[in-house]
A.B. asks: 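Following this message is one structure expressed as structure tokens.
We number each residue from 1, following the sequence as shown. Both ligands and their constituent atoms are indexed starting at 1 by order of listing.
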Amino acid sequence: MTTRPPRHDVDESQLDVSTPKQWAAGIPGVLVSLQRGVEQMGVARTANTLRLLNQREGFDCPGCAWPEGRGHRKMAEFCENGAKAVAEEATRRRVDPEFFARHPIAELAGKTDYWLGQQGRITRPMVLREGATHYEPIEWDDAFELIAGELRALADPNEALFYTSGRTSNEAAFLYQLLVRSYGTNNLPDCSNMCHESSGAALSETTGIGKGSVSITDIHDADLIVVVGQNPGTNHPRMLSALEEAKGNGAKIISVNPLPEAGLMRFKNPQNVRGLVGRGTQLTDEFCQIKIGGDQAFFQAIGNLLLEWGAVDEEFVARYTHGFAEYAAHVRELDWDSVDEATGLSREQITRVARMFADSERTIVCWAMGLTQHKHSVPTIREIANVVLARGMIGKPGAGLCPVRGHSNVQGDRTMGIWEKMPEEFLGALEREFGIPVPREHGHDTVSGIRAMRDGRAKVFVAVGGNFASATPDTGVTEAALRSCSLTVHVSTKLNRSHVVTGRTALVLPTLGRTERDLQASGEQFVTVEDSMSVVHRSRGRVQPASEHLLSEIAIVSRLARTLLGPEHPVPWEEFEKDYDTIRDRISRVVPGCADYNERVRLPDGFVLPHAPRDAREFKATKTGKANFTANELTVLRVPEGRLLLQTMRSHDQYNTTIYGLDDRYRGVKDGRRVVLVSPEDLAALGFADGEVVDLVSEWPEDPTGVTERRAESFRIVSYPTARSCAAAYFPEANSLVPLDSTAQTSNTPTSKSIVIRLEKRS
Ligand SMILES: Nc1nc2c(c(=O)[nH]1)N[C@H]1C(S)=C(S)[C@@H](COP(=O)(O)OP(=O)(O)OC[C@H]3O[C@@H](n4cnc5c(=O)[nH]c(N)nc54)[C@H](O)[C@@H]3O)O[C@H]1N2
Ligand SMILES: Nc1nc2c(c(=O)[nH]1)N[C@H]1C(S)=C(S)[C@@H](COP(=O)(O)OP(=O)(O)OC[C@H]3O[C@@H](n4cnc5c(=O)[nH]c(N)nc54)[C@H](O)[C@@H]3O)O[C@H]1N2
Ligand SMILES: [Mo]
């Protein structure tokens, strides 16, 4: 057994490609998860930590936001990728001061995120002083003084940015936004800006709340589940068990995706014998191999047919909605040629699918990044809402809208106030509760924050979690923006690229992970999180912290606040750090729906936050007070001659920018990541062949900065059954191709799933 990190970085010459798999999980899934666990943690710790994953008295999986089965949790409620997420955090490998003494920053900056992440957990607070070649240890108090000094020196609090990634607990998120607003800014960009922001924007407008309306039992009870732009076999593997259960109850499943993702096709459930040794369950009944960006046209076409057939829930529409006539007039005029062009689907298939909608009594539509990261993402999701409303499929069992969230607590962070434009209701309550002035001017989101750093309007960058340098678009521009800061600060568990692309001075502050015991003055603490279905529950770490020098995120925020805001500040920061119940008491009084928080999170399965459309078909929070139909102009993404539309996605062996390993097992890619998947027909038409190595060149003539081309070098072509005129490569290797200013209307999310590229032979 070895827990030594790899000495060598990724060697793309080892890359090996085989036929894509037709099914997900089964025995290989279990074996890979155990193998990764043992490599990182050893045998005993693997058994111990995995036993506590997603159990009532254990910790919430730091992987995805898919909910746990309420009431009837399986003995091992984990999946292959959840197990990898745990192994990555509970690893025995360490990045200590000697590591930083051995490796100058210039050397670390040449490593991939894979190599950096595999080195292990950071053990001590570290500082990179101006002009220094190496990080060196720093005492916690000195680190807080350093940050406070830089923040006080700014001409305006709006010159600082405070990023959050969605692993942060509710308590830490609540304190962090309180610190940032006490300091005087709403600059709270977060990973959500690059993730489900488009869903939030579309759903708030149409239903009055930016969250999904279904529960896990609704999934089990649905008779039709439509999975659009999502790869659950990799990114939400426990969702496959829920889909399997729904199938067992007679549900039909439609998958809409440019790629035939193995996990959606057939699932061999590792929790039962039939799944381990049998053929598994066929999940998808109807696979719509749509072109990238064709979903708006797809849902308009379905709306058009439902109207034509009179398959509208008239009573629901009359009683609960607004704007139906305009919507109906608009989709009746649908141009079917545009639908053909945008979707690449046959009219027979679209008609068959529309028939399934018309025949269904309980429909759920699920979606993720395949829908949210396009220029027209918000209108696309509004179009889903139109169809769901026309069928009356919200606020009843087995039906509803289901944006499937990414990070395990990204939804909770928003609920707790991590947003650059929190509503007045929240800001006013915060002001009254603490007797502090709270700024009202909207802050920077991720993209506008990068612009502010680039242009010298933001000078201090602080991040609680995440990997800003690698997760954001336009890598070259973003890295230059970070380097222009006077100070960059990262509260992190593991080393990543953002620690080596630094401001003039940089701090890395190591923190406890989800799996670790959190001991404070009043005793052992737990934290709370909210899953994708608005269930709030406890998470309690159990393993010994990676180092005695780690502080919890809550302690770090509280101590920074005390140093920055002084002992006279009206917020009782010290008390918060000692006893997290005192934070939850305040959450109760400030955050809507969280009354009696301390009592309710102690219930065995926690509690469900209110959701008026789900609970009572109430839509009072929209502008019209009703659920809104919308008439949206149809966008058809046109790919110029000789070009392809590139999506950037996740392999089976990564968690966003954390690269667990180099295999994308289901897609048949092994020992490498620089691949571009293109259909055999397009390869023939463009004069390329499988196995050739090319540069990817993105083209965006509209770029306001005048840089119309971006290049990512050396990708191996893989002939792959994707939709025509589409291509796929992995995030973050392809992020340099996404122009900073190419963002979705309304939500400002980078268009990471639709970039026009050409392939260029390497000479
Ligand atoms: N193991 C693991 N789990 C994760 C993550 C991880 O990296 N690893 N990340 C977490 C996070 S933060 C998130 S947001 C989620 C992401 O979960 P997903 O959204 O499943 O992640 P992606 O890999 O981006 O996959 C996008 C899917 O959409 C499809 N797609 C792309 N463009 C289009 C389009 O125009 N139309 C349609 N219909 N489909 C399209 C792609 O083929 C792919 O199947 O997963 C979360 N869970
Ligand atoms: N091209 C392209 N770009 C994308 C996407 C895409 O599909 N394509 N997806 C976007 C999406 S959906 C998202 S959500 C973002 C993700 O953006 P981020 O959330 O910024 O990135 P992650 O890779 O999830 O962050 C990983 C780092 O978080 C730290 N970390 C892990 N656990 C903890 C913890 O418990 N506490 C603290 N403090 N730190 C911790 C570790 O240091 C680790 O290196 O990327 C976006 N970027
Ligand atoms: Mo995400």
A.B. asks: What pairs of residues pass the salt bridge (Lys or Arg N to Asp or Glu O under 4.0 Å) test when at least one of them lies in residues 721-737, not counting sequence neighbours?
C.D. replies: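 Output for this query lists R673-E733, D682-R724.
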A.B. asks: Do you see a donor-acceptor pair shorter than 3.5 Å between the side chains of S754 and Q373?
C.D. replies: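 Distance-only check fails for S754 and Q373.
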A.B. asks: Can you confirm, on distance only, whether ligand 2 has an N/O atom lying under 3.5 Å from any N/O atom belonging to V464?
C.D. replies: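 Min N/O separation from ligand 2 is not below 3.5 Å for V464.
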A.B. asks: Does the pair E197/R414 count as a salt bridge with the N-to-O cut at 4.0 Å?
C.D. replies: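 Yes, this pair counts.
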A.B. asks: I'd like to check which ligand 2 atoms, numbered from 1 as shown, lie under 4.0 Å from a non-hydrogen atom of T511.
C.D. replies: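 This gives 36 (N), 37 (C), 38 (N) as the contact atoms.
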A.B. asks: List ligand 2 atoms under 4.0 Å from Y163, heavy atoms only on the residue side.
C.D. replies: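 Every atom of ligand 2 under 4.0 Å from some heavy atom of Y163: 17 (O), 18 (P), 19 (O), 20 (O).
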A.B. asks: Under the criterion side-chain hydrogen bond (donor to acceptor under 3.5 Å, both in side chains), which of T657, D113, T112 is the partner of S470?
C.D. replies: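 Among the candidates, only D113 passes.
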A.B. asks: Near N496, which atoms of ligand 2 are under 4.0 Å from a heavy atom of that residue?
C.D. replies: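 Those of ligand 2 that fall under 4.0 Å from N496 are 27 (C), 42 (O), 43 (C), 44 (O).
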A.B. asks: Is there a nitrogen or oxygen of T472 sitting under 3.5 Å from a nitrogen or oxygen of ligand 2?
C.D. replies: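 Min N/O separation from ligand 2 is not below 3.5 Å for T472.
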A.B. asks: State whether R36 and D653 are salt-bridged, where the test is any N-O pair (Lys NZ or Arg NE/NH1/NH2 against Asp/Glu carboxylate O) under 4.0 Å.
C.D. replies: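 Between D653 and R36 there is a salt bridge, with a charged N closer than 4.0 Å to a carboxylate O.
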A.B. asks: Thinking salt bridges, do E89 and R514 make one under a 4.0 Å N-O criterion?
C.D. replies: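 Looking at R514 together with E89, the answer is no, because their closest N to O distance does not fall below 4.0 Å.
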A.B. asks: Looking at V491, which atoms of ligand 2 are within less than 4.0 Å of one of its heavy atoms?
C.D. replies: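 Listed by number with element: 37 (C), 38 (N), 39 (N).
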A.B. asks: Would you check, one step at a time, whether the test side chain to side chain contact (heavy atoms under 4.5 Å, CB included) holds for R167 with Y655?
C.D. replies: CA-CA 12 Å; R167 279 202 191 175; Y655 194 94; 3.7 Å; yes
A.B. asks: Under a 4.0 Å heavy-atom cut-off, which residues neighbour ligand 1?
C.D. replies: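 C64, N81, C195, V228, G229, Q230, N231, T234, N235, H236, V256, N257, P258, L259, E261, I290, I292, G293, D295, A368, M369, G370, H374, G406, H407, Q647, M649, R650, Q654, Y655, N656, K753.
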A.B. asks: Do H652 and E80 pair up side chain to side chain, a donor and an acceptor below 3.5 Å, judged on atom types alone?
C.D. replies: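 Judged by distance alone, the side chains do pair up.
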A.B. asks: At less than 4.0 angstrom from any non-hydrogen atom of E553, what atoms of ligand 2 do you find?
C.D. replies: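 Atoms satisfying the 4.0 Å criterion: 34 (C), 36 (N), 37 (C), 38 (N).
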A.B. asks: Show the atoms of ligand 2 that are less than 4.0 angstrom away from any heavy atom in G465.
C.D. replies: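 Reading through ligand 2 atom by atom, the close ones are 37 (C), 38 (N), 39 (N).
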A.B. asks: Are any of the N or O atoms of R514 closer than 3.5 Å to those of ligand 2?
C.D. replies: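 Not met; the criterion fails.
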A.B. asks: Who are the side chain to side chain contact (heavy atoms under 4.5 Å, CB included) partners of A729, not counting sequence neighbours?
C.D. replies: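 For A729 the side chain to side chain contact (heavy atoms under 4.5 Å, CB included) partners, ignoring immediate neighbours, are L646, L696, F715, A734.
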A.B. asks: List the residues meeting side-chain hydrogen bond (donor to acceptor under 3.5 Å, both in side chains) with T372, not counting sequence neighbours, and say none if there are none.
C.D. replies: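 T372 satisfies side-chain hydrogen bond (donor to acceptor under 3.5 Å, both in side chains) with no residue once adjacent residues are dropped.
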